[in-house]
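One-based numbering, in listed order, for ligands and for the atoms of each. In this chain, numbering begins with 1 at the start of the sequence shown. Being a predicted model, the structure only gives us computed values, none of them experimental. Computation of the quantities below employed the complete heavy-atom set of this structure, encompassing side-chain atoms and omitting hydrogens, waters and symmetry-equivalent molecules.
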Amino acid sequence: MGPNLKNKSGVIYGEDVRTLFKHAQENKYAIPAINVTSSSTVVAALEAAKDAKAPIILQLSQGGAAYFCGKGIDNKDQSASIAGAIAAAHYIRAVAPSYGVPVVLHTDHCAKKLLPWLDGMLDEDERHFKEHGEPLYSSHMIDLSEEAVDWNIKTTADYLKRAAPMKQWLEMEIGITGGEEDGVNNESVDNNSLYTQPEDIYEIYKALSPISPYFSIAAGFGNVHGVYKPGNVKLRPELLKKHQAYVKEKESTKDEKPVFLVFHGGSGSTKEDYKEAISYGVVKVNLDTDLQWAYTEGIRDYMYKKKDYVSSQVGNPEGDDKPNKKYYDPRVWVREGEKTMTKRVQTALNDFNTAGQA
Ligand SMILES: O=C(CO)COP(=O)(O)O
Ligand SMILES: O=C[C@H](O)COP(=O)(O)O
Ligand SMILES: [Zn+2]
Ligand SMILES: [Zn+2]
């Protein structure tokens, strides 16, 4: 039995998002959050969710949103990232119902210097809310993990106050994710700041829960963006168990998993790490790099295989006058990338136990 949602197909928001995440915790699954940058990557992810009858999260990074708008224009004051995020949201809202599964529409990270991006999207969310009774985006992320903890919590609380009347979800980050994000290189950050302490989680919980129940925490447990050589990343998912136990005790609640947790840097991790993290209340696992690789593989293999059919517009091994239009039509070779990306998303849906949960 899937979660009891008011809206079972297309973009969901508000109570439905919380119901989905609580159902995920109770049934020990997590929803993959797929970074999308184009209509092609959107449909590749949606197709996997449809085939697996699973909920899915589609998210845009600031760079992904700018790309959606077009790299050929200036991103002054985040104008391209704002316009791209709005365009992607309308596109996803329009096609998602055709796929018959619940979709959470989300934005990724957003460091301090990118807050004008978030502000611009929230302006649009509020406009959309006035007109349709729901925000354009189901949720956003704010990532002040590189700032002082107090300022991170205070500023996140201010943004949650703005999101709360729209019943919009807010994900925040504490403890830095290593590797690279938003074009910032965190490869050399001090190892200790990759591992969040339970006291910090409780401080966040205390500050945010009186404002709105719609928030989640990306708590660092050694997470790193990207894929490196084996052994480079040491995940400690058992820390997440401590966070839940600490908040449960402090709040004297019966809920074993009072905090909605998010797993960043999902690419390249082991099934055991996913499973363990999910058992401690992770409801969302972010995946980007592995899908970039999967998408590239399909196109790469096509180009290698059809090399003699895409080297000139006319003429191939079947004859010097044979046209190659049906080989170089981008719908043909881009589709090969979509197929391999869809397959990788399906693997995630199986690994995270999401398949069949829609
Ligand atoms: O955390 C992520 C996006 O925020 C994705 O990380 P990976 O690229 O390591 O999968
Ligand atoms: O931050 C992590 C995501 O993988 C987004 O990456 P990006 O900024 O390269 O789009
Ligand atoms: Zn971060
Ligand atoms: Zn991330």
Side-chain angles (χ1 to χ4, degrees), residues 30-38 41-42 45 56-69 71 75 78 80-81 84-85 88 104 106-115 117-118 139-147 149 152 155-156 170-187 189-190 193-196 200 204 216-230 232-235 261-270 273-274 277 282-296 341 344-345 347-348 351-352:
I31 300 115
I34 309 299
N35 281 77
V36 292
T37 53
S38 61
T41 47
V42 165
I56 193 91
I57 302 171
L58 302 182
Q59 62 186 16
L60 285 112
S61 69
Q62 177 264 353
Y67 184 85
F68 219 108
C69 189
K71 289 291 279 181
N75 199 3
Q78 300 299 321
S81 289
V104 177
H106 179 74
T107 56
D108 195 21
H109 288 282
C110 195
K112 183 181 179 186
K113 67 168 195 278
L114 301 179
L115 287 175
W117 176 48
L118 183 53
S139 60
H140 293 296
M141 180 177 184
I142 182 166
D143 179 3
L144 305 175
S145 58
E146 284 168 88
E147 313 305 321
V149 172
N152 177 353
T155 312
T156 299
L170 189 63
E171 175 185 332
M172 66 88 71
E173 179 166 328
I174 181 92
I176 292 173
T177 304
E180 193 185 309
E181 71 190 39
D182 288 339
V184 179
N185 196 318
N186 288 336
E187 277 175 63
V189 290
D190 159 33
S193 49
L194 300 179
Y195 300 100
T196 307
D200 282 340
I204 297 163
S216 51
I217 306 176
F221 55 100
N223 316 64
V224 172
H225 291 126
V227 174
Y228 303 88
K229 72 174 189 322
N232 214 40
V233 175
K234 176 74 190 117
L235 289 181
L261 294 167
V262 179
F263 184 151
H264 275 251
S267 294
S269 303
T270 63
D273 281 339
Y274 295 138
V282 160
V283 296
K284 172 176 180 274
V285 180
N286 287 5
L287 274 184
D288 184 13
T289 309
D290 276 357
L291 302 170
Q292 293 179 323
W293 177 240
Y295 192 87
T296 301
M341 177 169 163
R344 180 62 188 87
V345 176
T347 302
D351 288 349
F352 308 164

Under 4.0 Å from a heavy atom of Glu181: give me the atoms of ligand 2 that qualify, with their elements.
1 (O)
CG of Asp273 to CG of Asn223: how many Å apart, nearest 0.5 Å?
9.5 Å
Which atoms of ligand 2 have any heavy atom of Asn35 under 4.0 Å away?
3 (C), 5 (C)
Smallest heavy-atom separation, Val233 atom then Gly222 atom, equals CG1-O, 3.5 Å
Can you tell me how far CG of Leu287 sits from CZ of Phe263, rounded to the nearest 0.5 angstrom?
8.5 Å
Taking Thr177's backbone N and O only, do any of them form a donor-acceptor pair with Asn186's side chain (distance below 3.5 Å, no angle check)?
yes
Taking both backbone and side-chain atoms of Ser61, is any N or O found less than 3.5 Å from an N or O belonging to ligand 2?
yes
Yes or no: does Gly63 have any heavy atom under 4.0 Å from an atom of ligand 2?
no
Angle between ring planes, His109 versus His225, binned at 30° and 60°: parallel, tilted or perpendicular?
perpendicular
Rounded to the nearest 0.5 Å, what's the gap from CG on Leu60 to CD1 on Ile34? Could you check?
12.0 Å
Nearest 0.5 Å, what's the SG-CG distance between Cys110 and Asp182?
7.0 Å
Report yes if Asp288 has an N/O atom closer than 3.5 Å to an N/O atom of ligand 2; otherwise report no.
yes
The test is side-chain contact (heavy atoms from CB on, under 4.5 Å); show your working for His264 and Asp108 and say whether it passes.
CA-CA 10 Å; His264 275 251; Asp108 195 21; 3.7 Å; yes
Starting from atom 8 (O) of ligand 2, find the nearest protein heavy-atom neighbour and note its residue, name and distance.
Asp182 N, 3.3 Å
Considering only heavy atoms from C-beta outward, does the side chain of Leu58 approach that of Val42 to under 4.5 Å?
yes
Without hydrogens or angle criteria, can the side chains of Thr347 and Asp351 be said to hold a donor-acceptor pair below 3.5 Å?
no
Residues lining ligand 1 [heavy-atom distance under 4.0 Å, listed by chain and residue number]
Asn35, Gln59, Asp108, His109, Val224, His225, Gly226, His264, Gly265, Gly266, Ser267, Asn286, Leu287, Asp288, Thr289
If the Zn ion (ligand 3) is the vertex, what is the angle to OD2 of Asp143 and OE1 of Glu181, rounded to 10 degrees?
120°
Select one of side chain, backbone, both or neither to describe which atoms of Asp108 lie under 4.0 Å from any atom of ligand 2, heavy atoms only.
side chain
